[in-house]
Number of protein chains: 2
Amino acid sequence: MKTQKSTRATMDDVLGYQLVQASIATNKAFHSEVGKPFDLRPVEFTLLQLVRETPDISPTRLAKILSVTTPGITAWIDKLSSRALLIRSKSKADGRAQHLKLTTKGSRLVDEALQKLLVSDAQLMSHLTAGEQLMLLELLGKFSGARQSKL
Amino acid sequence: MKTQKSTRATMDDVLGYQLVQASIATNKAFHSEVGKPFDLRPVEFTLLQLVRETPDISPTRLAKILSVTTPGITAWIDKLSSRALLIRSKSKADGRAQHLKLTTKGSRLVDEALQKLLVSDAQLMSHLTAGEQLMLLELLGKFSGARQSKL
DNA sequence: TATTGTTATACTCTATAACTATA
DNA sequence: TATAGTTATAGAGTATAACAATA
């Protein structure tokens, strides 16, 4: 444990740096456990899982949550759609908007991937106590909560 | 606070997702407070600060810490070097290796940027208690500690 | 006028392979 | 043989602008 007191600040004191360092670990694990075997990018997996959690969600809303541009979200949805993992349908209420839904194939795939990922997370965090693991997720969630509520 | 119990897992339970969401916030803040005004990418800022913390560090070691390829680190160092923010010098002990040092200009710039960043972090985390802020950084550090020690 | 979504395009960043020079 | 660093190059990803269709 580092007690910083009056010493000069280092990168360890910078939140963004700690997030990047932590992400390096999770990204590598994602790639070997999910990315490679399921042929999914992190964004693709997240997109699928979010559609699963929120059926009929629109591309625009996904773009905001994922902090991706609208051309970006179109491209990702194109890719996933061409793999028959999700389906676009026109909104009846608003002719401009679309609703997204997972196919059975997409649903199965993201479900398997999610399980792999949870196991992987447990391994990555195994040097933290159970309480610390929960606390870490809680605090990250609370930190991002402010942003989420503005979407 | 979410108590998950036996409900199905969501993205909120995935560490990598929480890290990405948190990073979206810090990245935006970095860009407006440091990236734009100082014309620095996150990697560039981190690279400079790490050289500052560890004078004579080698490009290879930086590449490992930042999880960047060696061609990648060469390119970043080239850029920063051409802006006269750091200097390469050949190692006397090992003819292949290099030592990196910040110039006065580089040192001043990264110092100013770091201060801006710490203020920005405080604002971003202002909806967490002081204890939670410390805890978040502590836990992220502990999580990444295992990886760091393997470098 | 504002919003949803698409297309086109340029740019940044990354990743791989092949090379040099030192050890 | 292995390591430090560079060069060249292809590919993935992102961002901007311009557009069509609907509200």
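Chain A is the first sequence line, chain B the second, and so forth, proteins listed ahead of strands; every chain is numbered from 1. Every value quoted in this text rests on a predicted model; they were computed, and no experiment measured them.
- Which of D:dA2, C:dT6, D:dT7 sits closest to the side chain of B:Pro71 comes down to D:dT7.
- Regarding contacts with the backbone of C:dT6, a side-chain N or O of A:Arg88 is found under 4.0 angstrom from either OP1 or OP2.
- A donor-acceptor contact closer than 3.5 angstrom links the side chains of A:Arg52 and A:Ser107.
- OP1 and OP2 of C:dT12 both lie 4.0 Å or more from every side-chain N or O belonging to B:Arg41.
- A straight line from CD1 of B:Ile57 to C1' of D:dA4 spans 14 Å, rounded to a whole angstrom.
- Note: CG (B:Asp94) to C1' (D:dA2) measures 12 Å, nearest angstrom.
- Rounded to a whole Å, the CD1 atom of A:Ile77 is 7 Å from the P atom of C:dT6.
- As a whole-Å value, the separation of A:Asn27 CG from C:dC13 P is 17 Å.
- Not one side-chain nitrogen or oxygen of B:Thr69 sits closer than 4.0 Å to the OP1 or OP2 atom of C:dT14.
- Looking at heavy-atom distances under 4.0 Å, A:Thr60 makes contact with sugar-phosphate atoms alone, never a base.
- Atom P of nucleotide C:dT22 and atom NE2 of B:His99 are separated by 15 Å, given to the nearest angstrom.
- One atom, CD1 of B:Ile73, and another, P of D:dT6, lie 10 Å apart when rounded to the nearest Å.
- At the phosphate of D:dT14, OP1 or OP2 sits under 4.0 Å from a side-chain N or O atom of A:Trp76.
- Contact record, A:Asp56 with A:His99: O-ND1, 3.0 Å, taken as the closest heavy-atom pair.
- A donor-acceptor pair is defined here as one N or O able to donate and one able to accept, closer than 3.5 Å; no such pair exists between the side chain of B:Ser91 and the backbone of B:Gln98.
- Annotation: of the two residues near DNA chain C, A:Gln98 and B:Arg96, the 5′-most nearest-nucleotide partner is A:Gln98.
- Judged by closest nucleotide on DNA chain D, A:Thr70 is the one of A:Lys92 and A:Thr70 placed further toward the 5' end.
- A donor-acceptor distance shorter than 3.5 angstrom exists from the side chain of B:Gln133 to the backbone of B:Met125, with no hydrogens or angles considered.
- For B:Arg8 and B:Asp13, the salt-bridge test fails: no basic side-chain N is under 4.0 Å from an acidic carboxylate O.
- Across all strands, B:Gly72 comes closer than 4.0 Å to no nucleic acid atom at all (heavy-atom distances).
- The distance from atom CD of B:Glu44 to atom P of C:dT14 is 11 Å, rounded to the nearest whole Å.
- Per the geometry, NZ belonging to B:Lys36 stands 14 Å off P belonging to D:dA15, to the nearest Å.
- Between B:Thr74 and D:dG5 there is no side-chain polar atom (N or O) within less than 4.0 angstrom of OP1 or OP2.
- Residue A:Lys79 places at least one side-chain N or O closer than 4.0 Å to OP1 or OP2 of D:dG13.
- Toward the 5′ end of DNA chain D lies the nearest nucleotide of B:Arg61, the other residue of the pair A:Ala93 and B:Arg61 mapping further downstream.
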